[in-house]
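The structure appears below as structure tokens.
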Amino acid sequence: MKSNISFLTLFLISIFSLNAQVTAEKFIDFIPIPPVQLKSDIVSTSSDNKIIKISTTEMSLDKKAVINFMPNESMQTTIQQLTDDGNVAYFYSGRSVKKGTYRLTVDYNKYIIQNTENFSEEGCLGYAKIGVGLRIVANINALKNNIDISSLVAIGNAAKKGIISGTVGYEVIGIESKEITAILPINSEITSSLNQVFLQAIGVVKGKIYDTKTRLHPQIIAIKHTGCDVTKFVRAFMKKYATESAINSTELFVKN
């Protein structure tokens with residue numbers, strides 16, 4: 001009997017944790033950021049099977065070198081709540097959220113993960129996701145409590161019921177292809193057909209990544225910290241790779 005109670009308690013705690021709202025400092029997954037071009041050289045394997053150290057611009061001329069550099073592939077969904085006081089909170093699940101303003105980011109990426117250097121004031125280590133892909137961003141206004149915004153399907157259903165409003169847009173990250181540009185929709189209001197439209201777009205992107213005519217430019221697209229002051233970590237990290245304007249544009253994604 002006691003074991004059953006303990007199991008139930010753990011189960012309820014796990015449900016609560018998955019739906020918990022946390023600050024950026026406590027969010028342990030990757031946080032998407034505006035794409036940042038790498039200034040330092042990177043190591044990969046060329047089309048003639050040689051280990052090379054080149055810039056991402058030079059690498060874009062060698063398709064096999066780019067593909068070899070990015071062995072991983074994933075779809076990741078990130079849910080942020082934009083609070084009245086200007087802060088950003090994160091959710092591990094978008095089910096049963098309260099009335100308010102949210103941002104749903106869906107990233108399809110080919111990527112590699114690399115350690116970041118220990119250069120922040122707190123000595124905080126972290127990770128950078130470097131790659132290419134398609135990012136879908138939905139800005140959502142939840143008009144009532146207990147709405148599911150956990151996926152593109154969920155927000156499409158909610159839009160059909162009239163219980164959310166908002167807009168959806170996209171970013172093609174590090175992929176130079178006329179065909180991809182032609183297939184993607186323009187920024188628009190959230191509709192019930194949202195998932196179908198972008199699933200088709202993701203399918204096109206996946207195919208064009210390997211097309212010999214497509215040029216790829218890997219960029220920093222997400223970061224992960226190890227429990228430090230994330231705003232200071234991000235500013236230190238971005239200063240190493242980007243201009244001041246890029247630092248400012250990133251703060252919306254990671255502010256505590």
Side-chain angles (χ1 to χ4, degrees), residues 29-78 104-114 116 127-138 151-153 167-188 193-224 238 241-243 245-246 249-250 253:
D29 289 334
F30 275 92
I31 296 174
I33 63 173
V36 178
Q37 183 176 356
L38 282 162
K39 293 182 179 179
S40 57
D41 290 347
I42 54 181
V43 177
S44 186
T45 306
S46 67
S47 56
D48 55 356
N49 294 320
K50 294 181 180 179
I51 297 175
I52 52 177
K53 186 175 182 181
I54 57 177
S55 69
T56 53
T57 302
E58 293 171 316
M59 179 185 282
S60 69
L61 302 175
D62 186 340
K63 173 56 70 67
K64 187 173 181 181
V66 185
I67 297 298
N68 288 345
F69 177 68
M70 304 180 300
N72 305 319
E73 184 173 353
S74 72
M75 286 274 290
Q76 178 181 338
T77 300
T78 307
L104 177 76
T105 303
V106 180
D107 270 343
Y108 162 72
N109 299 125
K110 282 284 293 178
Y111 67 97
I112 189 171
I113 295 173
Q114 295 191 347
T116 62
Y127 304 91
K129 182 182 285 189
I130 303 169
V132 301
L134 176 64
R135 172 172 292 167
I136 303 160
V137 180
S151 66
L152 294 178
V153 173
T167 59
V168 62
Y170 67 88
E171 293 178 76
V172 179
I173 301 175
I175 305 175
E176 189 179 341
S177 169
K178 291 182 180 179
E179 289 82 358
I180 292 176
T181 301
I183 192 66
L184 285 167
I186 60 174
N187 294 1
S188 63
S193 62
L194 177 70
N195 186 62
Q196 181 180 353
V197 170
F198 280 109
L199 275 180
Q200 180 183 5
I202 290 170
V204 173
V205 170
K206 291 177 73 172
K208 289 300 176 182
I209 283 177
Y210 292 92
D211 192 318
T212 55
K213 296 180 181 179
T214 305
R215 293 185 60 180
L216 304 176
H217 304 264
Q219 299 172 62
I220 302 168
I221 51 181
I223 59 171
K224 183 176 182 178
M238 297 295 284
Y241 293 102
T243 62
S245 60
S249 67
T250 303
F253 286 78

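Numbers here are sequence positions counted from 1. Everything quoted here is computed from the prediction, not taken from an experiment.
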After noting the C-alpha distance and the side-chain angles of F30 and I113, does the key distance pass the side chain to side chain contact (heavy atoms under 4.5 Å, CB included) rule? CA-CA 10 Å; F30 275 92; I113 295 173; 3.7 Å; yes
K63 side chain vs I209 backbone, donor-acceptor pair below 3.5 Å: yes
Rounded to the nearest 0.5 Å, what separation is found between the CG atom of L104 and the CD1 atom of I136? 9.0 Å
Find the distance between CD (E171) and CG (D107) and round it off to the nearest 0.5 Å. 8.5 Å
Using 0.5 Å steps for rounding, measure from the NE2 atom of H217 to the OG1 atom of T57. 7.0 Å
Heavy-atom closest contact (P218 atom, I130 atom, distance): CB-CG2, 4.0 Å
Is there side-chain contact between I51 and V43, with at least one heavy-atom pair below 4.5 Å? yes
Check the pair I223 / Y127 against side chain to side chain contact (heavy atoms under 4.5 Å, CB included), numbers first and verdict last. CA-CA 6 Å; I223 59 171; Y127 304 91; over 6 Å; no
With side chains defined as the heavy atoms from C-beta onward, is the minimum distance between V172 and Y170 less than 4.5 Å? yes
If we check side chain to side chain contact (heavy atoms under 4.5 Å, CB included) with T214, which of these qualifies: V66, I175, V132? I175
One should read off an interatomic distance between L152 CG and F198 CZ, to the nearest 0.5 angstrom, of 7.5 Å
Heavy-atom closest pair (P32 atom, A222 atom, distance to 0.1 Å) is CA-CB, 4.0 Å
Go through K64 and N49 one step at a time and tell me if the side chain to side chain contact (heavy atoms under 4.5 Å, CB included) criterion holds. CA-CA 9 Å; K64 187 173 181 181; N49 294 320; 3.5 Å; yes
Closest non-hydrogen atom pair between I220 and A128, with its separation: CG2-CB, 4.4 Å
State, yes or no, whether a side-chain contact exists between K50 and T45 at a heavy-atom distance under 4.5 Å. no
Is the closest side-chain heavy-atom distance between I31 and K224 below 4.5 Å? no
Heavy-atom distance under 4.5 Å between the side chains of I221 and I33, does that happen here? no
State which residue, out of T105, N109, T78, fulfils the side chain to side chain contact (heavy atoms under 4.5 Å, CB included) condition with R135. T105
On a heavy-atom basis, the closest approach of M75 and I202 is CE-CD1, 3.7 Å
Using side-chain heavy atoms (C-beta onward) and a distance below 4.5 Å, is S177 in contact with K213? no
Within-4.5 Å side-chain heavy-atom neighbours: L61 and M59: no
Sidechain-backbone polar pair: E58 side chain, S55 backbone, donor-acceptor under 3.5 Å: yes
Does CD in Q196 sit with more than 12 non-hydrogen atoms of other residues, nucleotides or ligands closer than 6.0 Å? no
Please test Q76 against K129 for side-chain hydrogen bond (donor to acceptor under 3.5 Å, both in side chains), starting from the C-alpha separation and ending with a verdict. CA-CA 12 Å; Q76 178 181 338; K129 182 182 285 189; 3.2 Å; yes
Under a 4.5 Å cut-off applied to non-hydrogen side-chain atoms, are L216 and I67 in contact? yes
Looking at OG1 of T212 and CZ of R215, how far apart are the two atoms once the value is rounded to the nearest 0.5 Å? 13.0 Å
With side chain to side chain contact (heavy atoms under 4.5 Å, CB included) as the test, would you mind laying out the steps for K110 and Y210 before giving the verdict? CA-CA 11 Å; K110 282 284 293 178; Y210 292 92; 3.2 Å; yes
Are K206 and E73 within salt-bridge range, i.e. N to O under 4.0 Å? yes
Between CD1 on residue I112 and CD on residue Q114, distance to nearest 0.5 Å: 5.0 Å
If you look at every heavy atom in A65 and S44, which pair is closest and at what distance? O-OG, 2.6 Å
